[in-house]
Asks: 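Quick one: structure below, then a few questions.
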Amino acid sequence: MVHFPKEPIYEDVLRLVRLEGDIADLEIEGELPPEMDGAFYRVHPDPQFAPRKPGDQFFNGDGMVTMFRVKDGRISFRQRYAKTDKWKLENAAGRALFGSYRNPLTDDPSVLGQHRGTANTNVLVFNDKLLAMKEDSPCLAMDKLSLETEGYTDFDGEMTLRTFGAHPKIDPDTGNLCNISYAAKGDLSRDATYFELTPGGYIVRRAEFEVPYYTMLHDFCIAGDYVVVPVSPYSSDMSVLEQDRPHFYYDRSLPSYIGVMRRDGDGSDMRWFKQDPAVCSCHVMNAFQEGTKIHLDTPVSKIGSLPFFPDKDGAPFDSELAMTELSRFTVDLMSNSDTVESITLLGKAPGEFPRIDDRMAGKPYRHGWMITYDLEKPYNGPPGPFAGVINSLTHFDVVSGTEQSWWCGPDGSLQEPCFIPRSADAPEGDGWLVALVDNHVTNYSDLCIFDALDVAKGPLVRAKLPIRLRQGLHGNWAAGALLAA
Ligand code: V55
Ligand code: FE
């Protein structure tokens, strides 16, 4: 009998799903555009077994991958676990063998040295596979149609690092997968690598650098010829692991940085620009190059916005300081300064999970979307992390400075959106936005499809699931042509 501890990360709005299955043809409200062809993949953490000890992190759940295949006016649903080495070892044992989030000291001795990854952070079709990613381990390859797990991949020996970042960017000009990996040399290590894999799976660029202190290098961006790496003071040390406290703490005494270096170098040109007192809250929207200047657009807060990673000195989580504003950091590579040149406000609605039309990655762009927090609105559902806060979807025009939002109603919350271009050569922003809307009163989730440039109108289509999915992390769209290949 599986028995989960009575903790908010397993209850109410975060009740586990742990369901693999298929639905051939979802019930749909509204008119699904007949020309839409592709698949939306997303992933959420969903522990197969109860934790070895109470007090684990939401981020430690096994990856549960969902595929919504859209074709000929129909949407099918397929959901499978990402069957990591951890998942398989625990499945064979019938219980958890791996302990706390990113703490191998809490593992059963039988799994010493095994990859601890859960593949629960992001999924993306690349090099003919569905890649399922977690930043502490290699990248897991799954069949893009059946969702059967093939196993960890090193791209035929090209990718020798033990870790693979979970927020790769696809360079729209080359099709290369651009990514950073960190702490590949071991837990708490300061090593990091920027690399690019061609669509055929060959490593063509590799630049090594060291971060100013051990930190969670969760997201980054390409910006023209450059790569931009935000560093916020989420850090850790051996005493944390020895005492089995949450792997990351927030250390207010450390500066925040934006690192900038060339994509085609060896990493020795990395420059760290201090950006106090603001920090990138977690994820980047986009970045681009304008002459000698580099702009990074991201939700920004005064302290880190992840409440489950505690303050190093025990300060209580301050949700006001953690509120995010979409902002633009600018650094000038011509200046000798070691601080950012400016921080400009880009939007009003606080939020996270920023997205763009990915064909604009690393380029000057106009349209962005985030799920946002309208704190004035009521909430009728049960309590729980995220619920009742992530209640709106907002489109930001970062050129004109205008924004428009859709509120999902009092019963639910939203998951990260994803942009779908109308066609491969449609103008930027011309297409749809897809996002899961979870109803915490009925316990159903709907896959909602919006007109990307008119989200205020509300969903054009709701594909109705007979279950509620757990709050997910990230996902991506794969056009039909990629699925046929
Ligand atoms: C994040 C998510 C993670 C993780 C580290 O959103 C950072 C930030 C889902 O797992 O392991
Ligand atoms: Fe993320």
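Quick note: residue numbers are just sequence positions, from 1. Read the numbers this way: they start at 1 and go in the same order the structure lists the ligands and their atoms.
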Asks: Specify side chain, backbone, both or neither for Cys282, according to which of its non-hydrogen atoms lie closer than 4.0 Å to ligand 1.
Replies: side chain
Asks: Which N, O or S atom name in His218 marks its closest approach to the Fe ion (ligand 2)?
Replies: NE2
Asks: Would you find a donor on one side and an acceptor on the other, under 3.5 Å apart, between the side chain of Gln57 and the backbone of Asn60?
Replies: no
Asks: Answer yes or no: is there a donor N or O on one side and an acceptor on the other, between the side chain of Asp357 and the main chain of Arg359, under 3.5 Å?
Replies: yes
Asks: Under the 3.5 angstrom rule, does the side chain of Arg69 hit a backbone N or O of Gly38 as a donor-acceptor pair?
Replies: yes
Asks: For ligand 1, which atoms, with element, lie under 4.0 Å from some heavy atom of Asn120?
Replies: 9 (C), 10 (O)
Asks: May I ask you to list the atoms of ligand 1 that are less than 4.0 angstrom from any heavy atom of Glu135?
Replies: 5 (C)
Asks: In terms of atom number and element, which parts of ligand 1 are under 4.0 angstrom from non-hydrogen atoms of Leu473?
Replies: 9 (C)
Asks: Do NZ/NE/NH1/NH2 and the carboxylate oxygens of Glu416 and Arg355 come within less than 4.0 Å?
Replies: yes
Asks: Roughly, to 10 degrees, what angle do His474 atom NE2 and His283 atom NE2 form around the Fe ion (ligand 2)?
Replies: 100°
Asks: Heavy-atom distance to atom 6 (O) of ligand 1: which of His218, His44, Lys134 wins?
Replies: His218
Asks: Angle between ring planes, Trp272 versus Phe209, binned at 30° and 60°: parallel, tilted or perpendicular?
Replies: tilted
Asks: Tell me which part of Arg102 gets within contact of ligand 1: side chain, backbone, both or neither, using heavy atoms under 4.0 Å.
Replies: neither
Asks: Quick check on the Fe ion (ligand 2): does His167 put an N/O/S atom closer than 2.8 Å to it?
Replies: yes
Asks: One thing to verify: whether Arg52 and Glu90 come together as a salt bridge, which I'm taking to mean a side-chain N less than 4.0 angstrom from a carboxylate O.
Replies: no
Asks: Measuring from non-hydrogen atoms of Tyr101 to any atom of ligand 1, is the shortest distance under 4.0 Å?
Replies: yes
Asks: Determine yes or no for a side-chain-to-main-chain donor-acceptor pair under 3.5 angstrom, with Asn122 supplying the side chain and Gly165 the backbone.
Replies: no
Asks: Verify, without hydrogens or angle tests, whether Ser189 (side chain) and Asp191 (backbone) share a donor-acceptor contact under 3.5 angstrom.
Replies: yes
Asks: Closest by any non-hydrogen atom to atom 1 (C) of ligand 1: pick that one out of Phe58, Phe59, Phe353, Phe248.
Replies: Phe59
